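Following: one structure in structure tokens, then a few remarks.
This structure is a prediction, so every number in the text was calculated from the model and none was measured.
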Amino acid sequence: MKKERLLRVNICLVICLALCLSSVQTVLAGEPSVSGGTGQAKEGAAADRGVTINVYNWGEYIANGTDGSPDVNEEFTRRTGIRVNYTTFDSNEALYSKLVGGGADYDVIIPSDYMVSKLIDENMLAELDYSNIPNFRYIDERFRDPDYDPGSRYSVPYTWGVVGLFYNTDYIAEEITSWSALWDDRYAGKILMFDNPRDSFAIAQFMLGQSVNTTNQEEWAEAAALLKQQKPLVQAYVMDRIFDKMESSEAWIAPYYSGDAAILVENSDSIRFVVPEEGTNYFVDAMCIPATSSHKAEAEAYINFLCDPEIAGANMNYVGYSTPESAAKAYMDEEMVESPVYYPDDEILERTEVFVNLPEDTSKLVDRLWAEVKMGGPGESMVLVAIILGFLGVYIAILIYKRQKRKRELA
């Protein structure tokens, strides 16, 4: 799919104008509720409330005013008087580590499905007050009451998509249809892999015909063995750096999320995207409020704002991911809405599986096996430990020698 840049900018400018005229009001005590795109617009900017919410999201995952897009956070502040301190992470595991490490005061976070489930199990999320999120009514039924959050008590869907392969046809002439291409030694040194365990293991599991949510230890070990076989061919385990490496042709083939792949396909005539025949992961990223939030009502106002169809449509036009709101599609680029990359057909969706939170013993096994994959397996890990211990032993011996020599000189 190749869009004309000028067309996209013009569309986004029209949407920006619509945003300025739309009525999206806060849902705080004493304030009118958000209208969801109907009614009369408020005049001028809202008064500064003296409140700042901390939002933690994926990189490249919100419209920020570039390429003719609206600045969503700035618009939220203009309309509500609530400021936004916005920072980013590059993996669910990095988000989790930041939360459990303490010292992080976030009000809105946007983890993926299985991480939402994990945070719920560990009592790390606040239950949402939907009287403050009336725009939830725009979320399509298929995205409500998900397995990872029964009853939608703790999360509101933000985006969804599938994982697939994108590759550079300037260097890979044949049509790619299978995950096995990531094990093809013809592309050695030009292959990228996810730098997180669930996504990387899932690729091996689909190849092996396993469930991505299996609790069978032997199956996880089998998937780890397959990833270890692949390791010598892998240039790097990365996340957001996939963009630069693929666009510069430093790498030729990589797995990634459909929304990002679509952007790469749009920007290059040489990059193709495919959902492998073995099946793939279907994911949802959702908006949540940590249990430790200092500004829960304001955080709910922010979630409500992002659910407004006009805001959601303009936002997804920039972000490039699929929206869980059919109403938002009226404000999106028609070519994007009709693209099978953004909205795969039912045949593809039937070959997908959603991640769920794994039992603690399985999670620990996955973490250990992933460390072995990244370090080259337990044998190579032991070699590394032996080398470190060897250097440490030499260092200690030198210290002892110098101390004894010093004593002899003073005697």
Exercise for review: Taking the six-membered ring for Trp and the full ring for Phe, Tyr or His, determine whether the centres of Tyr321 and Tyr342 are under 6.0 Å apart.
Suggested key: no
Check your understanding: Quick one: side-chain contact (heavy atoms from CB on, under 4.5 Å) partners of Tyr154, sequence neighbours excluded?
Key -> Ile120, Leu125, Glu127, Asp149
Review point. Cut-off 3.5 Å, side chains only: do Asp170 and Ser270 have a donor facing an acceptor?
Key: yes
Revision key, fill the gap. Residue pairs meeting ring-ring contact (aromatic ring centres under 6.0 Å, His included), one or both in residues 159-184, sequence neighbours left out, come to Phe143-Trp160, Trp160-Tyr282, Trp160-Tyr343, Tyr171-Trp252
Check your understanding: Which residue pairs satisfy the ring-ring contact (aromatic ring centres under 6.0 Å, His included) criterion with at least one member in residues 198-217, sequence neighbours excluded?
Key -> Phe201-Trp220
Point to revise | Between Phe89 and Tyr56, ring centroids under 6.0 Å | key: yes
Point to revise | Residues in side-chain contact (heavy atoms from CB on, under 4.5 Å) contact with Val337, at least two apart in sequence or another chain | key: Lys329, Met332
Review point. What about Tyr302 and Phe76, are their ring centers closer than 6.0 Å?
Key: yes
Review point. Are Tyr138 and Asp140 side-chain neighbours, meaning at least one heavy-atom pair lies under 4.5 Å?
Key: no
Practice item. Please report the closest heavy-atom contact between Arg83 and Thr77, naming both atoms and the distance. Key: CA-OG1, 3.6 Å
Check your understanding: Do you know the tightest heavy-atom contact between Ala312 and Leu306?
Key -> CB-O, 3.5 Å
Study note, to complete from the structure: Closest non-hydrogen contact found for Met336 with Gly320 is CE-CA, 4.4 Å
Review point. Heavy-atom distance under 4.5 Å between the side chains of Pro111 and Leu119, does that happen here?
Key: yes
Review point. Can you name the residues that form a salt bridge (charged side-chain N to carboxylate O under 4.0 Å, His left out) with Glu174, not counting sequence neighbours?
Key: Arg186
Check your understanding: Taking only residues two or more places apart in sequence, or in another chain, which ones meet Glu93 in a salt bridge (charged side-chain N to carboxylate O under 4.0 Å, His left out)?
Key -> none
Practice item. Walk me through it: do Leu128 and Ile289 pass the test side-chain contact (heavy atoms from CB on, under 4.5 Å)? Key: CA-CA 8 Å; Leu128 300 176; Ile289 299 176; 3.7 Å; yes
Point to revise | Non-neighbouring partners of Ala286 that pass side-chain contact (heavy atoms from CB on, under 4.5 Å), sequence neighbours left out | key: Val116, Tyr148, Ser155
Study note, to complete from the structure: The ring pair (Phe, Tyr, Trp, His ring centres under 6.0 Å) partner of Tyr257 among Phe194, Phe243, Tyr61 is Phe194
Check your understanding: Looking at side-chain heavy atoms only, is the closest gap between Met207 and Ser180 below 4.5 Å?
Key -> yes
Review point. What pairs with Glu122 under side-chain contact (heavy atoms from CB on, under 4.5 Å), at least two apart in sequence or on another chain?
Key: Tyr96, Lys118, Met124
Exercise for review: Could you go through the salt bridge (charged side-chain N to carboxylate O under 4.0 Å, His left out) check for Lys296 and Glu300 one step at a time?
Suggested key: CA-CA 6 Å; Lys296 184 171 182 288; Glu300 288 165 342; 2.5 Å; yes
Point to revise | Residues that Arg368 engages under salt bridge (charged side-chain N to carboxylate O under 4.0 Å, His left out), provided they are two or more places apart | key: Glu372
Check your understanding: How would you list, by chain and number, every residue that makes a salt bridge (charged side-chain N to carboxylate O under 4.0 Å, His left out) with Arg272, sequence neighbours excluded?
Key -> none
Revision key, fill the gap. What one should report as the nearest heavy-atom pair of Ser211 and Glu353 is OG-OE2, 2.7 Å
Practice item. Compute the ring centroids of Tyr256 and Phe273, then answer whether they are less than 6.0 Å apart. Key: no
Revision key, fill the gap. For Asp195, the side chain to side chain donor-acceptor pair (under 3.5 Å) test, sequence neighbours excluded, returns Lys374
Study note, to complete from the structure: All heavy atoms of Val72 vs all of Ile311, minimum pair found to be CG1-CG2, 4.3 Å
Exercise for review: Go through the structure and list residues passing side chain to side chain donor-acceptor pair (under 3.5 Å) with Glu325, not counting sequence neighbours.
Suggested key: none
Exercise for review: Determine the minimum heavy-atom distance between Val212 and Arg198, stating which atoms define it.
Suggested key: O-NH2, 3.3 Å
